[in-house]
Student: 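This is the structure I have questions about; it appears just below.
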Amino acid sequence: MTGEKGAEVVLRLDRITKRFGALTANDGVSLTLRRGEVVALLGENGAGKTTLMNILFGHYVADEGSVEVFGQPLPPGNPRAALAAGVGMVHQHFTLAGNLTVLDNIRLGTEGLWSRSDAGAREKVERLSRDFGLAVHPDAKVGRLSVGERQRVEILKALYRDARVLILDEPTAVLTPQESEALFATLRKATGLGLSVIFISHKLHEVMAIADRCVVLRHGRVVGEVDTHATDKAALAALMVGGELSLPRAEARAAGAVLMRIAGVSTPNRGASPGLKMVTLELRAGQITGLAGVSGNGQAALAEIVGGLARPAEGRLSLHGQEPKVWTPGEALARGVARIPEDRHHQGSIADFDLTENAVLEGYRTRFSRRGWMNWRAARAFAEGIIKGYDVRCPGPSTRIRLLSGGNMQKLILGRAMAVGPDIILANQPVRGLDVGAIAYVQSQLIAARDRGAAVLLISEDLDEIMGLSDIIHVMSQGRLSPGFARGTMTAAELGLWMAGQKFEGAHAA
Amino acid sequence: MSEIVDILISASFWAAVIRIASPLILATMGELICERAGVLNLGIEGIMVIGAFTGWMAVYQGMPLWGGVAVAMAAGMLFGLLHSTLTVPFGLSQHVVGLGVTLFATASASFAYRLMLPEVTSPPKIEPFQPLDIPVLSDLPWLGEALFSQTALTWAAFAVAGLVAFTLYRTPLGLAVRAVGENPAAVEAQGLSVTGLRIGAVMVGSGLMAVGGAFLTLSAFSSFFFEMVNGRGWICVALVVFGAWKPGKAVLGAILFAAFDALQIRLQQTELGAVLPYQLFLALPFILSILALILMSRRAEVPAALMVPYNKGER
Ligand SMILES: Nc1ncnc2c1ncn2[C@@H]1O[C@H](COP(=O)(O)OP(=O)(O)OP(=O)(O)O)[C@@H](O)[C@H]1O
Ligand SMILES: [Mg+2]
């Protein structure tokens with residue numbers, strides 16, 4: 001893009017240090033941003049990216065260091081001042097009020113408390129959403145929007161305030177690939193108009209596509225700064241984890257017995273997302289079954305059935321050849337089904353419980369209590385085991401889980417799921433929001449589980465991930481399931497056609 | 001049956017309904033503001049006692065009636081400041097603080113009463129608000145007695161409800177209050193102060209609760225008794241839920257409750273009252289309110305951040 005060397009510096013972070021208790025989240029971080037430039041901020045989970053941006057925006061107060069925007073120092077801990085100086089931020093976890101309309105969310109805080117200037121606001125929002133290709137209805141309730149639409153509202157919020165510096169904290173983590181493409185088109189327009197962008201992502205191909213410069217953080221320090229055209233994905237990954245990184249590759253293996261079978265299952269549609277349509281699927285021991293497809297095509301309904309959250313309304317489910325009498329999450333756990341849920345914040349953990357309590361959530365009645373008394377010593381040892389074994393970065397087992405970075409939370413959930421040596425593993429988007437090192441680790445754990453004879457169901461939107469790991473690949477589209485394709489028999493382009501739903505009729509004829 | 005119909009079409013019945021509803025409307029609006037901002041204010045019962053006491057005492061000491069209302073409002077806001085200081089910046093449990101404020105406020109009222117009137121046996125009376133005579137309207141047959149023979153404070157109660165609705169839905173201030181009760185992080189990210197908004201909402205809300213209490217002494221009973229609030233505060237907490245956190249519906253709920261209350265008093269004097277135990281009649285408004293509550297509040301949208309403290313600099 002246009003970030004030439006001589007362009008005006010719009011933002012300067014100077015030796016920012018931030019400590020949380022014993023943990024130093026940012027350690028003397030300096031960063032500059034020029035007009036029209038996109039800088040990617042990279043780093044492992046817990047490297048301190050979000051913390052740094054929260055300091056810049058005034059949510060946190062730095063222990064040391066200063067922030068300058070357009071040459072003016074920003075007062076610390078004051079989002080209002082940051083907004084006034086032209087800094088806009090799209091948070092990793094959206095900051096929208098679900099009970100308000102899109103327009104109200106955007107207007108919030110922009111007017112005097114008693115004034116009334118609705119007409120102007122609406123026109124401006126409509127103009128911005130046209131100019132930047134951010135289609136949302138101003139009168140829609142935010143609580144009813146999809147994540148992609150919420151993302152657009154967040155960006156509109158910043159643009160509405162005439163932001164000159166836009167911070168995007170993992171904007172693509174929850175977007176479909178198509179939505180990400182649309183976001184990049186918007187960003188290109190914005191930088192063309194002189195906006196500067198700080199872009200945080202773990203997806204290196206996105207970084208290569210959109211960023212001019214990359215700044216890499218590790219353990220809270222800047223460990224490298226490179227121009228994007230002078231580097232490649234492997235070099236960036238190595239910089240992030242501080243060493244060479246080899247992505248795990250699963251070798252083909254002979255599959256074993258069918259552990260779980262779903263036959264002719266249909267579920268009702270749920271709002272805009274389609275239900276399952278006559279889905280038949282077998283999960284075999286020693287096999288990773290990949291489920292590709294754009295999310296929202298019935299994956300959630302399938303995951304609920306496999307994980308015990310729902311019984312098939314129509315069709316059958318059998319485990320080891322038998323139909324279970326009761327099928328609940330507890331029963332699924334007892335029968336060796338482990339879950340890595342899609343939404344780690346709401347389904348995977350309890351935010352105000354500490355790591356120990358979260359670690360034993362699935363076993364506190366069976367493995368960590370006797371005659372109704374909790375065995376906290378065992379629970380704590382178990383949590384410490386996961387923290388060590390899975391490299392969960394945290395102050396300790398009595399930290400509340402909400403304080404962990406997303407990636408570290410995921411590692412704890414993975415460790416919890418794996419600890420029981422499950423037969424069947426339901427891994428729904430297991431690496432969403434994880435850094436490259438953590439991805440490699442999670443994937444190698446899934447392969448190891450397969451190698452010891454577990455059946456793994458891997459649900460993902462990322463075709464590279466699906467093709468790299470799966471022994472057999474199914475594609476889901478509009479609630480329909482494609483036939484299984486053995487490893488290496490399909491190209492990404494062919495799978496893409498299945499994902500778009502174009503191949504389904506033909507398949508029935510063949 | 002015909003007796004019930006007779007009661008329902010009598011003008012005095014409807015006049016009583018509106019009179020009974022007025023303090024409920026005032027205090028319910030107060031609680032609604034607090035809860036919309038995300039703070040459950042269980043101090044309401046005690047704050048109503050304080051309002052009843054201070055308003056009455058001020059007038060007894062020679063202030064004009066509206067001066068008494070202002071004093072009650074100020075006293076309520078003071079207790080609101082106490083409540084919100086503990087629950088908002090310090091993030092203490094809203095249940096515990098609320099009940100604590102109720103106990104403290106009630107005890108303060110009786111302490112001050114004994115201190116200021118050590119000798120009296122029965123509480124002195126004041127000259128309360130008189131029904132407003134509105135030209136033409138008050139002279140209408142039936143309607144004149146039923147609706148247009150109320151005191152200025154009753155009119156004020158309805159005006160307050162209108163003002164609260166207008167502020168919540170038509171001003172940027174109301175927008176911010178609704179947002180802070182739903183997602184305080186959204187408010188902070190837009191550069192507004194979560195703490196400031198919440199403290200302000202609780203103080204204004206508590207002021208209205210106190211005026212609701214003052215209605216009892218300045219407009220309804222003309223004197224102060226310790227037991228006079230008698231659970232009205234708790235009713236208002238339920239009315240907010242009944243109204244699904246919307247001012248208009250909450251006012252309807254208050255009127256409905258008042259109607260049941262007025263009805264049961266009159267039913268006690270009918271033949272039914274001779275056969276059925278009177279406790280049954282006393283329970284009637286509560287039973288019917290609970291039923292209505294169940295029906296009405298099923299699809300209510302609770303403010304998502306109600307009772308969730310917000311700590312800046314935490315995630
Ligand atoms: N409010 C807080 N209190 C205590 N610790 C915190 C707080 N915020 C962040 N941390 C810790 O600071 C470290 C850095 O967290 P941060 O969220 O900045 O990581 P990140 O680089 O954004 O990671 P991710 O890629 O997973 O989003 C983590 O170890 C986290 O646990
Ligand atoms: Mg982050």
Side-chain angles (χ1 to χ4, degrees), chain A residues 18 20 50-51 54-55 57-61 77-85 87-101 103-118 121 141-143 153-154 157-158 160-161 351-352 400-406, chain B residues 32-33 35-38 89 91 93 163-164 166-201 203-204 244-247 299-315:
Chain A
K18 174 76 184 172
F20 294 110
T50 299
T51 302
N54 279 339
I55 289 167
F57 193 68
H59 286 310
Y60 294 174
V61 179
N78 188 342
R80 189 172 198 93
L83 286 164
V87 179
M89 176 147 166
V90 177
H91 295 74
Q92 189 166 2
H93 307 296
F94 296 152
T95 53
L96 297 169
N99 62 339
L100 304 181
T101 63
L103 185 64
D104 282 345
N105 264 287
I106 294 171
R107 288 194 314 142
L108 179 62
T110 60
E111 305 153 308
L113 290 179
W114 280 98
S115 66
R116 186 72 192 157
S117 53
D118 187 39
K141 267 246 181 95
V142 163
V153 179
E154 286 279 12
K157 254 165 66 176
Y160 182 82
R161 294 193 176 233
D352 280 314
R400 281 180 300 150
I401 202 166
R402 69 170 340 130
L403 298 179
L404 258 55
S405 77
Chain B
L32 188 139
I33 295 174
E35 294 194 18
R36 268 303 179 116
S93 155
L163 187 68
V164 168
F166 176 83
T167 310
L168 272 182
Y169 291 104
R170 292 269 179 272
T171 66
L173 176 64
L175 179 64
V177 170
R178 284 183 290 144
V180 81
E182 183 77 9
N183 184 0
V187 170
E188 191 186 297
Q190 289 285 56
L192 297 174
S193 161
V194 173
T195 316
L197 276 167
R198 284 190 163 170
I199 289 183
M203 285 182 68
V204 171
W245 289 270
K246 296 192 173 70
R299 270 178 303 138
E301 286 179 36
V302 191
L306 182 60
M307 295 190 280
V308 185
Y310 182 76
N311 301 322
K312 191 176 155 80
E314 261 212 16
R315 53 163 115 198

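Here is how names work: the chains are called A, B, and so on, in the same order as the sequence lines, proteins then strands, and each is numbered from 1.
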Student: Sequence neighbours left out, what passes side-chain hydrogen bond (donor to acceptor under 3.5 Å, both in side chains) with B:E182? Give chain and number order.
Tutor: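 Here no residue qualifies.
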Student: Mind checking what makes ring-ring contact (aromatic ring centres under 6.0 Å, His included) contact with B:F166, not counting sequence neighbours?
Tutor: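 If we apply the ring-ring contact (aromatic ring centres under 6.0 Å, His included) test to B:F166, skipping adjacent residues, there are no hits.
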Student: If you count heavy-atom pairs under 4.5 Å with chain B, which of A:V61, A:N99, A:L83, A:N78 comes out on top?
Tutor: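 Heavy-atom pairs under 4.5 Å are most numerous for A:N99.
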Student: With a 4.5 angstrom heavy-atom cut-off, is it the side chain or the backbone of A:L108 that approaches chain B, or both, or neither?
Tutor: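 For A:L108, backbone and side chain are both near chain B.
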Student: Looking only at non-hydrogen atoms, find the nearest pair between B:A186 and A:A97 and report the distance.
Tutor: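 So the two residues come closest at CB-N, 3.9 Å.
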Student: Taking side-chain contact (heavy atoms from CB on, under 4.5 Å) as the criterion, tell me which of A:R80, A:R107, A:R161 meets it with B:Q190.
Tutor: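 Of A:R80, A:R107, A:R161, side-chain contact (heavy atoms from CB on, under 4.5 Å) with B:Q190 is met by A:R161 alone.
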Student: Heavy-atom distance under 4.5 Å to chain B: side chain of A:F94, backbone, both or neither?
Tutor: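 Only the backbone of A:F94 comes within 4.5 Å of chain B.
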Student: Considering only heavy atoms, which portion of B:V187 lies under 4.5 Å from any heavy atom of chain A: side chain, backbone, both, or neither?
Tutor: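 Answer is both: backbone and side chain atoms of B:V187 are under 4.5 Å from chain A.
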Student: Measuring heavy-atom distances to chain A, does B:A304 have an atom under 4.5 Å in its side chain, in its backbone, in both, or in neither?
Tutor: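 Contact with chain A involves no heavy atom of B:A304 at all.
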Student: Which bit of B:E301 is near chain A, if near means a heavy-atom gap under 4.5 Å: side chain, backbone, both or neither?
Tutor: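 Looking at B:E301, just its side chain touches chain A.
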Student: Measure the spacing between CG of B:L175 and OG1 of A:T101 and express it to the nearest 0.5 Å.
Tutor: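 B:L175 atom CG to A:T101 atom OG1 measures 8.0 Å (nearest 0.5 Å).
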Student: Specify the closest pair of heavy atoms between B:A189 and A:T95, including all atoms of both residues, with the distance to one decimal.
Tutor: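 Shortest heavy-atom contact: CB-OG1, 3.6 Å.
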